[in-house]
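Keep in mind the model is a prediction, meaning the values are calculated, not measured. Convention: sequence-line order gives letters A, B, ...; per-chain numbering from 1.
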Amino acid sequence: MSSKFHSRGVGRKGRIDLFPYLLNIPAIIVLGIVIGVPLVQVLIMSLSEYSFFGNSPFVGLDNFIRLFTRDRVFWSTVRNTVIWTFVSISLEFTFALAISLLMNRIIHMKGFLRGLVLLPWVVPPVTVGLIWKTILDTDSGLLNNILVSLGGSKQPLLSSPDQALWVLIAVVIWRYSPFMIISLLAGLQSIDKGLYEVSAIEGASPFQNLRYITLPLLRPVMLVVLAQGTIWRIGHFDLVSMMTGGGPAGSTELLATLAYSKTITELNGGSGAAVALVTLIITLLIGLPIFNRLLKERG
Amino acid sequence: MIRKMTVMLLLALSVIGGIWANGSNEKKDITITMQHSMVPPEANELLKQFAEQYKEETGVTVEISYVPWESQRATTLAKIASGNTPDILHGNSNQGTAEWVEMGAMTDLADFISDEMKEELIPTAFDELGTYAIPFLQSPEAAIFYRPALFEEAGVTPPAPGEAWTWDEFVEAAKKLTIDADGDGEPEQWGFAERGLSGFIAMKTYIPHLWAFGADIIKPDGEGGWKSGLDEQAAVDAIAAQAALVTEDKVMKPSYLSWGLPEAMRAWGENDMAMFACGMWWADSVKEEYGHEFGKDFDVMAFPVSENGNEFSFSTFDYFTIPTTSKNKEEAYKFIEWIILDPQRMADLAVIDNYLPPTTKSALADPRFSDESFPLWSERFALWSDWSRFMPASSKYAGMWTSTIIPIWEEIVTGRRSVEDGVALMDSEIKAQLGQ
């Protein structure tokens with residue numbers, strides 16, 4: 001008995017079967033409404049001298065030209081965002097991989113430990129911001145008290161343009177690494193244990209197990225968490241807005257906070273939309289090749 | 001035939017009667033919406049009580065909604081952009097409402113404002129936003145809170161009520177009040193502190209410094225427009241004096257750059273600072289958090305002035321505005337007037353909102369706003385009432401502060417840029433933004 005519908009939308013006689021495509025229509029409509037419409041609006045905003053109230057004359061690419069050539073903070077914000085994204089994701093990934101490998105070997109209290117690891121992830125970002133601001137307070141914060149008690153000197157931390165971005169990177173790793181740990185752990189647990197048994201019989205070392213079994217089989221999960229983490233991180237807003245507001249001296253200004261401040265604070269919606277679109281393009285340039293590769297690997 | 005006609009006539013009359021009755025009901029079913037951002041939860045309750053009373057008296061329903069100050073600007077802008085604004089909007093120029101007026105988003109209430117209202121409001125009421133807003137609370141933003149006991153220990157005498165220190169006197173006092181008892185180079189008590197934290201709110205910190213020296217980022221050009229105010233020596237002097245508090249005089253906590261209100265509150269509780277610049281609304285929080293009594297455990301003085309003797313300081317109003325998109329402007333104004341012209345309601349609102357002075361003469365006469373119930377109230381009131389000055393009503397003012405002035409100012413304070421370079425850069429950026 002043959003199936004009426006065939007995979008990939010190709011019919012029995014090579015004709016295209018429309019049914020699978022029809023099934024996608026509701027999702028396309030919903031995505032079109034919640035993503036497509038705002039995206040077109042942002043595009044229109046970016047090409048206009050946008051006013052929240054009244055006329056918004058069309059100015060072509062002026063907002064982009066001004067951003068790239070005359071905006072004093074744009075390029076320093078791009079630099080901050082690049083450092084912020086790549087440093088935090090690299091460190092977070094390394095840390096998460098190490099912890100997930102360790103947790104994968106734990107036999108007792110698995111559930112408790114996983115719950116413990118997830119704790120920073122479930123705390124709302126605003127609360128995380130408040131907690132860390134208290135810990136990092138230059139004068140009475142826990143971190144500086146520990147430093148002083150160990151014989152060190154107080155550090156300005158969030159008050160210093162040289163330190164603030166690095167401190168925020170540490171906080172964001174603390175907040176978001178649990179998600180990466182749990183995702184990688186799930187990937188590790190899906191690897192067939194028989195492979196390790198065979199490699200043990202063959203006399204493989206733990207490093208060889210990691211190099212030739214674990215990492216290659218974990219690759220699809222690693223690519224997903226890296227792509228997802230990078231995309232989220234480029235557009236990150238909440239912790240930075242909460243803890244430093246982009247300062248001091250613009251040292252923690254990121255593309256997302258810049259788009260917000262241009263639109264809401266400066267009432268320069270056109271320029272803010274241009275920043276948002278540039279952020280989107282950067283995100284796509286980084287994210288699309290990774291997802292493309294993933295799809296190809298999955299055949 | 002006659003019978004049929006009679007039936008038809010009766011039917012027609014009942015239809016007309018029905019429509020008329022329905023029309024009357026519609027009139028009674030008027031609903032107006034009010035968005036406010038008053039912090040104490042009791043204020044929300046009080047406004048709801050007002051709404052209930054108003055409904056009983058007039059049949060008009062008033063729906064009260066609360067939006068916190070932190071998101072008031074973003075929320076309101078989104079509502080303005082979508083044309084879905086409330087009929088009455090509670091605002092404060094800290095949120096840049098002048099820009100909304102210039103955008104054409106707020107109604108000019110000149111035709112609504114009654115003679116009674118004009119007589120009742122204090123003379124400065126329309127200084128800030130003209131007739132686009134009806135102020136109901138005065139909110140001085142540049143008071144200096146101080147601890148009399150710490151002053152006494154250091155042998156420092158505060159200025160008399162109604163007077164202010166010169167900048168030099170202020171710095172000298174701050175030096176005496178900065179105490180490094182163990183000599184480790186890290187004072188246990190700082191002479192002065194203020195809050196930073198980049199963004200919109202940081203304007204409150206820096207505006208008084210510029211104004212104290214008679215400077216501003218923009219000034220009227222005499223032809224109805226604006227010009228940069230940063231090419232004047234006063235601007236350089238003001239910024240140099242503020243930066244020196246950290247870098248040379250070493251009387252101010254450098255960590256203020258990462259400070260919000262919670263950090264300030266903690267430092268106050270730990271006797272970490274002798275003077276702290278903040279809005280007068282903070283007084284009630286200090287009392288509530290630490291039980292500190294105004295006039296005894298702490299007091300306020302005016303912001304210091306430069307040798308030029310510019311006797312003013314940064315102040316704002318809390319006010320009600322009516323967006324142009326409101327479909328019930330007349331009813332909205334009536335409700336505003338119903339609150340403001342009643343001394344009891346106004347005084348209740350002012351007492352709940354941190355004892356900020358109301359803007360009507362009759363409410364100011366309420367016994368709760370007197371020295372008996374609030375120590376030294378009249379001296380303080382005289383001080384902030386006489387010294388108030390408001391933000392210029394330019395749509396670009398707030399944006400200029402956050403995009404240009406504050407980041408460069410922070411570069412100066414953290415030693416990344418010299419004062420002269422920084423002010424020159426601010427000046428060129430502001431001129432570019434003004435198209436000059």
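By the 6.0 Å contact criterion, CG on A:Asn55 is open, its count of non-hydrogen atoms from other residues, nucleotides or ligands being 12 or less. A 6.0 Å sphere centred on OH of B:Tyr66 holds more than 12 heavy atoms belonging to other residues, nucleotides or ligands.
The residue among A:Thr252, A:Leu136, A:Asp162, A:Thr257 with the most heavy atom pairs within less than 4.5 Å of chain B is A:Asp162. Of the listed residues A:Leu130, A:Asp137, A:Asn268, A:Leu258, the one with more heavy-atom pairs under 4.5 angstrom with chain B than any other is A:Asp137. Between chain A and the options B:Glu270, B:Lys253, B:Arg416, B:Glu186, heavy-atom pairs under 4.5 Å are most frequent for B:Arg416.
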Next on the checklist: Run the side-chain contact (heavy atoms from CB on, under 4.5 Å) test on B:Ser403 and A:Lys262 for me, step by step, so that the C-alpha distance in whole Å, both residues' side-chain angles and the decisive distance to 0.1 Å come before the verdict.
Outcome noted: CA-CA 8 Å; B:Ser403 68; A:Lys262 280 189 178 297; 5.8 Å; no
Item to check | Stepwise side-chain contact (heavy atoms from CB on, under 4.5 Å) check, A:Arg72 with B:Leu425 | outcome: CA-CA 10 Å; A:Arg72 196 179 54 81; B:Leu425 181 61; 3.8 Å; yes
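The shortest heavy-atom contact between B:Thr414 and A:Ser159 is CG2-O, 4.2 Å. The minimum heavy-atom distance linking A:Pro248 with B:Leu257 is given by the pair CB-CD1, 4.1 Å. Closest approach of B:Glu410 to A:Gly250, counting heavy atoms only: OE1-N, 4.2 Å.
Between the side chains of B:Ser255 and A:Thr138, not a single donor N or O lies within less than 3.5 Å of an accepting N or O.
For B:Asp272, the part sitting under 4.5 Å from any heavy atom of chain A is the side chain, from C-beta outward, and nothing else. Neither the backbone nor the side chain of B:Ile412 has a heavy atom closer than 4.5 Å to any heavy atom of chain A. If you measure heavy-atom distances from B:Thr404 to chain A, the contacts under 4.5 Å come from the backbone alone.
Remark: the backbone N or O of B:Gly399 is not paired with any side-chain donor or acceptor of A:Glu266 at under 3.5 angstrom.
Between the OG1 atom of B:Thr402 and the CD1 atom of A:Ile264 there is a distance of 11.5 Å, given to the nearest 0.5 Å.
Looking only at side-chain heavy atoms (C-beta outward), B:Arg266 and A:Thr134 come within less than 4.5 Å of each other.
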